Protein chains: 2
Amino acid sequence: MLLQIDFKSGKPVYLQLVDQIRYAAASGGLRTGEPLPSIRPLAEELRVNRNTVAKAYAELENQGVIETIPGKGCFLKESNSPFTKSARAKILTKEIDEAVVAAHHLQVDRDAFLALVKERLDSFERKVKEKSDND
Amino acid sequence: MLLQIDFKSGKPVYLQLVDQIRYAAASGGLRTGEPLPSIRPLAEELRVNRNTVAKAYAELENQGVIETIPGKGCFLKESNSPFTKSARAKILTKEIDEAVVAAHHLQVDRDAFLALVKERLDSFERKVKEKSDND
DNA sequence: GTGACTGTCCTATGACAATAGGACAGTCGG
DNA sequence: CCGACTGTCCTATTGTCATAGGACAGTCAC
């Protein structure tokens with residue numbers, strides 16, 4: 001699991017961590033019961049305060065994604081239920097809407113936008129395939 | 001120009017305004033010399049504080065996108081260089097890629113993703129139409 | 001038991017976003 | 001001139017994010 005923090009995005013660091021870990025959990029990037037990186041080393045690696053990572057983990061536990069055992073560590077919950085269809089749609093809607101608003105202001109019309117979306121889908125699928133071929 | 005604020009995105013409101021207006025300015029959505037909405041009415045419409053809009057406008061003037069004349073208003077600068085087609089595509093690609101990656105993590109397949117994109121496009125176009133009908 | 005690790009709790013501080021509202025000066029139509 | 005508008009400046013307050021560092025309790029290998 002590669003965690004990537006963008007300090008210039010304006011989005012709070014701890015929320016970036018929450019989203020990335022939650023997505024990884026929901027898509028099998030993390031396996032059930034698998035331990036997450038410890039707070040202090042992860043904070044050092046990402047160059048953020050340990051309290052910031054702790055806040056992200058606390059939020060994840062609050063959401064029922066992980067289970068934390070003081071003295072041992074944090075683990076992906078057994079009962080980690082993948083997002084429902086509507087929950088996934090809600091998250092995706094937010095992402096898509098941002099792109100749609102940008103397209104509107106950039107005066108990119110519907111057809112050009114859809115063409116670009118398809119192109120990016122193809123590009124992404126190729127990238128995924130290359131990666132799986134190498135594995 | 002339809003301005004869209006997402007209070008839950010974590011991204012500062014004034015920066016959302018800056019981005020959207022800059023995109024619109026560079027893509028012909030706003031014409032050179034055209035006045036921008038006045039601070040107070042726009043703040044009221046978006047339901048944010050007038051200081052927040054003022055901050056966005058100040059940032060835009062700082063970036064050389066607009067010119068503000070105290071007592072008169074804010075206007076799109078003459079020398080505002082438009083984005084090329086490829087520049088716009090580059091910005092949009094970034095936005096779209098984020099949605100594509102999210103779809104992958106959420107295990108939403110290509111067809112479902114495209115369907116959702118079209119639905120959000122329709123939804124947005126309705127919203128734009130409603131606004132122009134009211135004006 | 002000791003030491004090294006784990007997560008947790010606490011206070012304090014600084015930076016920033018956003019709010020609220022008062023006050024001021026410039027512009028312009030009447 | 002007057003009133004309504006424009007942007008600007010100011011202080012104060014609230015809330016959040018992130019930082020820093022101290023302290024504590026649980027776990028585990030040795």
Side-chain angles (χ1 to χ4, degrees), chain A residues 1 3-22 25 30 33-78 80, chain B residues 1 3-22 25 30 33-78 135:
Chain A
M1 184 178 51
L3 295 171
Q4 198 78 10
I5 301 299
D6 179 3
F7 291 100
K8 292 179 295 182
S9 76
K11 189 170 183 178
V13 172
Y14 88 98
L15 282 184
Q16 293 183 43
L17 287 176
V18 167
D19 283 347
Q20 289 185 36
I21 293 172
R22 202 175 44 181
L30 272 174
E34 194 172 344
L36 277 75
S38 304
I39 288 182
R40 273 166 247 232
L42 179 58
E44 195 176 349
E45 183 190 331
L46 299 176
R47 298 187 183 177
V48 298
N49 191 271
R50 66 170 194 251
N51 292 325
T52 303
V53 176
K55 188 173 183 180
Y57 279 16
E59 176 64 21
L60 283 166
E61 173 157 46
N62 198 38
Q63 292 182 11
V65 178
I66 66 175
E67 186 176 13
T68 109
I69 306 177
K72 296 193 74 174
C74 297
F75 306 88
L76 194 57
K77 259 201 171 177
E78 296 290 337
N80 186 53
Chain B
M1 184 176 51
L3 295 170
Q4 197 78 7
I5 301 300
D6 178 3
F7 292 100
K8 291 179 292 183
S9 77
K11 189 170 184 177
V13 171
Y14 85 98
L15 282 184
Q16 294 182 41
L17 289 176
V18 167
D19 282 348
Q20 291 185 35
I21 294 172
R22 203 174 42 185
L30 275 173
E34 195 172 343
L36 275 77
S38 303
I39 290 182
R40 273 166 248 233
L42 179 56
E44 195 175 349
E45 184 191 330
L46 298 176
R47 297 186 185 177
V48 299
N49 191 270
R50 65 173 194 250
N51 293 324
T52 303
V53 177
K55 188 173 183 181
Y57 279 16
E59 176 64 21
L60 283 166
E61 173 157 47
N62 198 38
Q63 291 183 11
V65 177
I66 66 174
E67 186 176 9
T68 110
I69 306 177
K72 297 191 73 174
C74 297
F75 306 87
L76 193 58
K77 260 203 171 175
E78 297 290 336
D135 291 348

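Within every chain, numbering begins at 1; the chains are lettered A, B, ... in the order of the sequence lines, protein sequences first and strands thereafter. The shown structure was predicted, so the numbers you read here are calculated from the model rather than taken from an experiment.
- The side chain to side chain donor-acceptor pair (under 3.5 Å) contacts involving residues 35-47 of chain B comprise nothing, where partners must be two or more places apart or lie in separate chains.
- If you find the closest nucleotide of DNA chain D to A/Arg40 and to B/Gly73, the one lying nearer the 5' end belongs to B/Gly73.
- Taking five base pairs at each end of the helix from C/dG1-D/dC30 to C/dG30-D/dC1, the local helix axes there meet at an angle of 10°, rounded to 10°.
- In this structure, B/Lys77 NZ and B/Leu30 CG are separated by 15.5 Å, a value rounded to the nearest 0.5 Å.
- The shortest heavy-atom contact between B/Ala25 and B/Val65 is CB-CG1, 4.0 Å.
- The side chain to side chain contact (heavy atoms under 4.5 Å, CB included) search around B/Ala43 returns B/Val48, B/Arg50, B/Val53, not counting sequence neighbours.
- In this model, the phosphate group of C/dT19 is not approached by any side-chain N or O of B/Asn51 to a distance below 4.0 Å at OP1 or OP2.
- Under the rule for a side-chain hydrogen bond (donor to acceptor under 3.5 Å, both in side chains), the partners of A/Lys11 that lie at least two apart in sequence or sit in another chain are A/Asp19.
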Sort me out a list of protein N/O and nucleotides 27-30 of chain C N/O pairs below 3.5 Å, or just none if empty.
{"residue": "C/dT27", "atom": "O4'", "partner": "B/Gly71", "partner atom": "O", "Å": "3.3"}
{"residue": "C/dC28", "atom": "OP1", "partner": "B/Lys72", "partner atom": "NZ", "Å": "3.1"}

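- Bounding nucleotides for the chain B contact on DNA chain D, 5' to 3', at a heavy-atom distance below 4.0 Å, are D/dT6 to D/dC10.
- With sequence neighbours left out, the side chain to side chain contact (heavy atoms under 4.5 Å, CB included) criterion links B/Ile5 to B/Phe7, B/Val13, B/Gln16, B/Leu17, B/Leu46.
- The side chain to side chain donor-acceptor pair (under 3.5 Å) analysis of residues 52-62 of chain A, with sequence neighbours excluded, yields the pairs A/Glu59-A/Gln63.
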Candidate pair A/Leu3 and A/Leu42, rule side-chain contact (heavy atoms from CB on, under 4.5 Å), full reasoning: CA-CA 10 Å; A/Leu3 295 171; A/Leu42 179 58; 4.0 Å; yes
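- A heavy atom closer than 4.0 Å to some atom of DNA chain C occurs in no member of residues 7-19 of chain A.
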